[in-house]
Amino acid sequence: MDAEMDALVQTAPVPVARRGPLRLKLLVLSGEQAGHSHVLRPGVVRLGTSSTCDIVLTDRVVSRQHLQLEVTDERVVATDLGSRNGTFHEGVRFTELEVRPGASLTLGTVVLKVVPEDSRERPLPLSSRRSFGALVGASVRMRELFTVLERVAAGGGDVLVQGETGTGKELCAEAIHQESARAGGPFIIVDIAGIPPSLMESELFGHVKGAFTGAQAERAGAFERAQGGTVFLDEVGELPLELQPRLLRALERRQVKRVGANDYRTVDMRVVAATHVDLEQAVQQGRFRKDLYHRLAVLKVIPPPLRERVEDLPLLIDAMLERLGRPPSALSEQTRALLAQYPWPGNVRELRNVVEQAIHLGEDTLPPMDAPSGSLRSPQGALDAELPFKEAKERLIEVFERDYLQGLIARCDRNISRAAREAGIARVYLRKLLTKHGMMLVDDDDARD
Ligand SMILES: Nc1ncnc2c1ncn2[C@@H]1O[C@H](COP(=O)(O)OP(=O)(O)OP(=O)(O)O)[C@@H](O)[C@H]1O
């Protein structure tokens, strides 16, 4: 894989866990300095348009002294220096925040990403789109995805889309097809998990008349039917081991043989495969061929889970309402606030179901979503038994704090005094916790207390 494509596949979040001194760098993803990167040395690093800053950003929306990063071996703390347009993390304006590897910070319209210094990730310019095909999103994670999709679609190679259920893998595949030179050709969907094993080979490769009982006529398989277009292999991890060499041959030589036939036929098609399981793990467990995995994973696209881009919720909800022929006001602010704190294990599909239920049956039919539910982002989910005890404990507490605070501030209508009373903690301690998690909204307490 060349360096360009190597950079393309690095869209997964960087794990929080770390050992040894923290060494990070800052990638500039948008704005006039897009493409630059800066290593963060221990000490104080100032960012702004002033020439006295350590990192000078020339965009008009950035203040002269905009943001300060306090870098130590253990952590990086970002402090907004009273900038005019503010600094944001995951769509929330903050004054002070501990910055984790993988985090994106937005200064006005400039997006910066913090990654480990040894990361091979290079600044990937952010797409300016707010949608790609039927995919909707304006978060940094989605704009990164759109950049990858734009390049991948134009490139013409086979693609692996790997992501959790409901994150839009099929929409990615469709968009890749629609934005490619093959858009005029067919888009053939094969749901591998839904085909009985006995019919799988014929479904993919076709059969000749009389090849098996019931094969009354000759039939072209999915690869042949996709001639000039794209085949979408959904849940490719479910492909039986004995058929995997045949898929590999189709990918490598563009040749398929119908069941019962003697000769191979050459096909002109592109394959986009999707999986919600970790195929690398399937390889280790002997359920998926290593050579096939490597062939498929040359170009990998990773749609992010919804919980990592909650700032897209309003946009997604409005797009869903529009499709239902309803205005944005069809869903109350109160319900929107509740939806914003839910971690969405079923991702956008689950969101769509909830929005449809609210519209068709009424918002009062929605299940309670205000408590940090054990099934959603459970402590077990945050538990990494391979971490040192102290780090594992800290991580668990962080997840709990974040979930608890999200529920609390929504329940108390963002009124800090009320929230402190309900939680039974001092206002000043609550403020500190909110700041730590980047939830402090500027002036929200004084205006409402
Ligand atoms: N970014 C998005 N913008 C708008 N709608 C989306 C987005 N992502 C997913 N959806 C919607 O969510 C639903 C599920 O999408 P899709 O079938 O593409 O997900 P998937 O990852 O292929 O799911 P699965 O793994 O279950 O097959 C669809 O209704 C789709 O329209």
Side-chain angles (χ1 to χ4, degrees), residues 8-9 11 127-139 141-195 203-204 220-239 247 250-251 267-277 279 296-306 309 312 315-320 322-324 346-353 355-356:
L8 286 182
V9 300
T11 54
S127 169
S128 54
R129 301 187 190 215
R130 290 163 67 87
S131 64
F132 191 97
L135 292 162
V136 173
S139 59
R141 297 296 305 278
M142 286 306 279
R143 287 167 62 200
E144 277 176 348
L145 177 73
F146 294 164
T147 301
V148 173
L149 289 173
E150 279 162 13
R151 297 183 181 191
V152 157
D158 299 325
V159 183
L160 179 66
V161 188
Q162 185 164 338
E164 291 179 14
T165 180
T167 47
K169 295 187 292 297
E170 185 170 332
L171 294 190
C172 285
E174 221 173 318
I176 290 170
H177 172 70
Q178 291 301 346
E179 299 249 342
S180 74
R182 298 179 170 272
F187 179 68
I188 304 291
I189 301 174
V190 186
D191 175 13
I192 293 184
I195 300 174
E203 194 55 39
L204 289 171
F223 294 116
E224 280 185 68
R225 282 184 276 126
Q227 183 70 21
T230 307
V231 183
F232 174 52
L233 299 181
D234 201 4
E235 296 306 349
V236 72
E238 301 293 319
L239 189 69
L247 172 59
L251 292 170
V267 284
D268 167 25
M269 48 83 200
R270 174 189 218 180
V271 175
V272 180
T275 176
H276 77 278
V277 297
L279 282 187
L296 275 175
V298 172
L299 288 183
K300 214 182 208 182
V301 169
I302 306 172
L306 188 49
R309 55 183 191 100
D312 282 336
L315 198 65
L316 281 165
I317 293 172
D318 291 349
M320 289 166 181
E322 197 182 329
R323 254 203 317 270
L324 294 170
N347 294 295
V348 188
R349 175 181 294 108
E350 189 181 10
L351 174 67
R352 189 201 59 195
N353 292 343
V355 169
E356 285 181 5

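Only a predicted model underlies this, so the values are computations on that prediction, with no experimental measurement involved.
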Can you sort out the partners of [X] under side-chain contact (heavy atoms from CB on, under 4.5 Å), two or more places apart, ordered by chain and number?
{"X": "N353", "result": "R349"}
{"X": "L315", "result": "R130, V136, A138"}
{"X": "A193", "result": "D191, E235, E238"}
{"X": "Q178", "result": "A183"}

Specify the closest pair of heavy atoms between [X] and [Y], including all atoms of both residues, with the distance to one decimal.
{"X": "G157", "Y": "R270", "result": "O-NE, 2.7 Å"}
{"X": "M269", "Y": "V231", "result": "SD-CG2, 4.2 Å"}
{"X": "L233", "Y": "F223", "result": "CD1-CZ, 4.3 Å"}
{"X": "L296", "Y": "A273", "result": "CD2-CB, 3.9 Å"}
{"X": "P186", "Y": "G228", "result": "CD-C, 4.3 Å"}
{"X": "V348", "Y": "M320", "result": "CG1-CE, 3.5 Å"}

What residues, two or more places apart in sequence or in another chain, satisfy side-chain hydrogen bond (donor to acceptor under 3.5 Å, both in side chains) together with [X]?
{"X": "E179", "answer": "R129"}
{"X": "D158", "answer": "R254, R295"}
{"X": "S139", "answer": "D312"}
{"X": "S180", "answer": "none"}

Using 0.5 Å steps for rounding, measure from the [atom1] atom of [X] to the [atom2] atom of [Y].
{"X": "L145", "Y": "E150", "atom1": "CG", "atom2": "CD", "answer": "10.0 Å"}
{"X": "E224", "Y": "I188", "atom1": "CD", "atom2": "CD1", "answer": "11.5 Å"}
{"X": "K300", "Y": "L279", "atom1": "NZ", "atom2": "CG", "answer": "8.0 Å"}

[X] (side chain) donor-acceptor with [Y] (main chain) under 3.5 angstrom:
{"X": "Q227", "Y": "D268", "answer": "yes"}
{"X": "T147", "Y": "R143", "answer": "yes"}
{"X": "N347", "Y": "T165", "answer": "yes"}

(request) Could you list the residues that satisfy salt bridge (charged side-chain N to carboxylate O under 4.0 Å, His left out) with R225, not counting sequence neighbours? (result)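 Testing R225 for salt bridge (charged side-chain N to carboxylate O under 4.0 Å, His left out), a comparison that skips the adjacent residues, returns E203.
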(request) List for me each residue that meets ring pair (Phe, Tyr, Trp, His ring centres under 6.0 Å) alongside F132, sequence neighbours excluded, and say none if there are none. (result)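 F146.
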Output a table of donor-acceptor pairs, distance under 3.5 Å, between side-chain atoms of residues 169-176 and any protein atom two or more places apart or on a different chain; print 'none' if there are none.
unit_1 : atom_1 : unit_2 : atom_2 : d
K169   : NZ     : G163   : O      : 3.1
K169   : NZ     : E164   : O      : 3.0

(message) Is it the case that atom CD in E322 sees more than 12 heavy atoms from other parts of the structure closer than 6.0 Å?
(response)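 Not buried by this count: 12 neighbours or fewer within 6.0 Å.
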(message) If you define the side chain from C-beta out and look only at heavy atoms, does anything of R151 sit under 4.5 Å from L299?
(response)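 When only atoms from C-beta onward are counted, L299 and R151 do not touch, as no gap falls below 4.5 Å.
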(request) Would you please test L247 and L204 for side chain to side chain contact (heavy atoms under 4.5 Å, CB included) and show each step? (result) CA-CA 9 Å; L247 172 59; L204 289 171; over 6 Å; no
(message) Tell me which one of L239, V236, I195 satisfies side chain to side chain contact (heavy atoms under 4.5 Å, CB included) with V190.
(response)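 So the option named by the test is I195.
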(message) Per the ring pair (Phe, Tyr, Trp, His ring centres under 6.0 Å) rule, what does the pair list look like for residues 151-179, sequence neighbours excluded?
(response)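 Listed once each, the pairs are H177-F187.
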